[in-house]
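To start, the structure itself, in structure tokens.
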Amino acid sequence: MPNHDPLLDGLNEPQRKAVEHTTGPLLILAGAGSGKTRALTHRIASLIHQGVPPWQILAVTFTNKAAKEMKTRITNLLHITDPNSPMDSGSSLTSQSAKLPVMGTFHSVCARILRRDITHLGRDRTFIIYDTDDQERLMKEVMRELKIDETELKPKATLGYISRFKSEAVNPAEARKQATSERMEQVVLAYSAYEKALRRNNAVDFDDLILETVRLFVEVPAILERYQATWRYINVDEYQDTNHAQYLFVTLLAGKEKNLCVIGDPDQSIYAFRGADIRNILEFQKEYPNAAQIKLEQNYRSTQLILTASDAVIACNPGRPQKAMWSSRKEGPKVLVNEVRDERAEGEEVIRLAKQRVTEGVALREQVVLYRTNAQSRLIEEACMHAGLPYRILGGVKFYARREVKDILAYLHLIMNVHDTVSLLRIINVPSRKIGDTTLEKIQEWNRDQNLPLWEALQNADRVPALNEGTITRIKGFVELLRDLQLSAQSLAVSALTEKLLRTIGLEKWLRDDTEEGEERWQNVLELLSVMKKYDTLEPEVSLSSFLEEVALVSEVDKLADNNEDALTLMTLHLCKGLEFDAVSIVGCEENIFPHASCLWDKEQLEEERRLMYVGMTRAKTHLTLFCARSRMLWGQTQVNAPSRFLSDLPESVTERRSDTVLSAFSWASEKGEERATAHKPLEPYRQAEPTSIQFNQDLNFGEEASQETVEEGSRVEHAVFGQGTVTAVRGGVADIEFDNGKKKSFALSIAPLKIL
DNA sequence: CGTCAAGCCCTTTTT
DNA sequence: GGGCTTGACG
């Protein structure tokens, strides 16, 4: 036996420790870019190499993409160490499963458990996973029934509360005890009715996937023991972003042997808004007093300059655990802080810079543009289109959420599970069958006494007195159509089934209405069909259900996994966690945008915004550019926001500050004239690269700080550029002002050149 | 029952 | 500014 182990080769000391620590609880604090995926894959490969059967290992990752990549890397590692290991090529979906550990997101792992064992909770295996859109439809129905005024309590908001309850593993009964306000009492009422409705529809929502699994473990100990005996080694990545329900899942599962390895970085916790509890990782050692702790502090990704800059930003957060990140990479270019006139100039600059990087040898696929809110993507997208630059947007209107795609999915859901009323109501009249709301109301009215599931009520349509002959025939026709498709589902794989569906309902003709949108819709349908082909090798029954499952659980970043096209990537800061790029541009670094206006008044939320900035910055290997615009069109109004506080936290020594203007201080805000100036004479920003002060507002101030005095609704003010006007509203440090010439604009009080009259 | 237009609210972030 | 819902009409 040689002294060195290939599975330890090329690892640094703490990484080695992580690989060698195989039994008992282990906490790995892994800073950004510290090679934690490397440590984790080597650890798992090493376990297998030591004789632990792969199926005894569970690894929970943050995205399916991460799981997939780790599988590939482990496969490669094991090839090296054991050439005789019969690894297959991974061409089909199932063939690898026995040779490799179970890896996936919390949601996909739990879905898998529930598909197998939910019957022990008295529920049906054919359950449907509802997405946000389905949830909202169901909630609207529920609230209508409860006669809760939708304008008082919005369905979306209600679902938000419910999701919070579920992520904290609080059931309706317990929620009722907590409810103190009338509003919360209504929410709780809706919560329990919503739960019942989910059961009726044989559906679960995202949160249920975790919570129902926890319930299964708690209520049926024998099942828990079975899974404990199966998964003896448990690894959880991105542990700082787990919620309480996920914590319970992990704790229960690891309860017996406690071979639990959790990895994370408290500085990268950015999902508190959906119930992530940073205490899970901070208190891990309280939970497991004998837990080993390993810190990965060497950064292999970024240049030292980027590291210094991002450390300076995150260092402003109080109460962080000690961490000393360092990089052996050479210094690299400075962090560029690019101040531009407005959001359009920002888009143009981003694209210009991306093109310039390409000429410097950085491929487009190695570049990313990050923003705080999805709404900001539109401008960048337009700039890309205008410049003819290939781009790819993650998030926003998701492919599977497009109307035509959802319609087809609704048919497929219904074929699998006729009790899915949300899907049924969605497509009963798509394409138009002349079964409209009036008809459905008549059926529901009749059904009030019968109390049948809607699907069965439809089958008895001829007994509904209020319906005429023609309507009854049309309903019967629809019922027949579905029955026929259900029959086909037993012998056809999902793509063939869908092709038959499309033919029968004449969807192509319905969608292709000679408009551009119609054509696009049809193209989306064809794309959906091509995704389905992957599932054609499976048995018909599993083909449909596994397709639907994957569709329900793919995340946006998963799309990057098998996409090699050379394009600029656009995504939100939240989505970029775990990814890396040669060049990163973060746009909209302005107060009220990033940090977002809704976070400015809450200390903890502000800290989370800062962590989000840290995550964004640490994605960059070599080039990092931060954009801020002096004015920005938002909600149809021009806002003037101060540069983000995060920008002022950057050390001067590692930043280069640029501005696109040498125009006089007043001209940037002048209206029409300024637009004409750019149209006729494109700016050449890099000619005058001498750093302009980022605090442009100082030139404009009238001396007195307007914000220090009270500005309220009705105040008369004078603006340095726009003249006199009246304040119409003040919220969150931003004032809406109606000027005497009729113009309406919004200003951040802390910075706008305003004088109170 | 389907289409069109006016008015609404909106923007945090996602599996 | 814009996407989506709601309401009036054909």
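Only heavy atoms go into these numbers, but all of them, side chains included; no hydrogens, no water, no symmetry mates. Letters A, B, ... mirror the listed sequences (proteins, then strands); counts begin at 1.
- The list of salt bridge (Lys or Arg N to Asp or Glu O under 4.0 Å) pairs with a residue in residues 589-600 of chain A, not counting sequence neighbours, reads A/E590-A/R632, A/E591-A/R645.
- Residues meeting the ring pair (Phe, Tyr, Trp, His ring centres under 6.0 Å) test with A/F165, sequence neighbours left out: A/Y191.
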Are any protein N/O atoms closer than 3.5 Å to N/O atoms in nucleotides 2-9 of chain B? If there are, list each pair with its distance.
residue, atom, partner, partner atom, Å
B/dG2, OP1, A/N429, ND2, 3.4
B/dG2, OP1, A/S432, OG, 2.5

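- Residues meeting the salt bridge (charged side-chain N to carboxylate O under 4.0 Å, His left out) test with A/K140, sequence neighbours left out: none.
- Pairs engaging residues 241-252 of chain A under the salt bridge (Lys or Arg N to Asp or Glu O under 4.0 Å) rule: A/D241-A/K577 [sequence neighbours left out].
- With sequence neighbours excluded, no residue forms a ring pair (Phe, Tyr, Trp, His ring centres under 6.0 Å) with A/H596.
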Extract from the structure each pairing of a protein N or O with an N or O of nucleotides 13-15 of chain B at less than 3.5 Å, listing the distance.
residue, atom, partner, partner atom, Å
B/dT13, OP1, A/N374, N, 2.8
B/dT13, OP1, A/N374, ND2, 3.4
B/dT13, O4', A/R372, NH1, 3.3
B/dT13, O2, A/R372, NH2, 3.2
B/dT13, O2, A/H574, NE2, 3.4
B/dT14, OP1, A/T572, OG1, 2.9
B/dT14, OP2, A/N374, ND2, 3.3
B/dT14, O4', A/R274, NH1, 3.4
B/dT15, O2, A/H107, NE2, 3.2

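- The side-chain contact (heavy atoms from CB on, under 4.5 Å) search around A/D602 returns A/E604, A/Q605, not counting sequence neighbours.
- For A/F594, the ring pair (Phe, Tyr, Trp, His ring centres under 6.0 Å) partners at least two apart in sequence or on another chain are A/F646.
- Nucleotides of DNA chain C with any atom under 4.0 Å from a heavy atom of chain A span, from 5' to 3', C/dG1 to C/dG2.
- For A/A461, the side-chain contact (heavy atoms from CB on, under 4.5 Å) partners are A/L467, A/I475, not counting sequence neighbours.
- Contacts of A/R164 classified as salt bridge (charged side-chain N to carboxylate O under 4.0 Å, His left out), with partners at least two apart in sequence or in another chain: A/E168.
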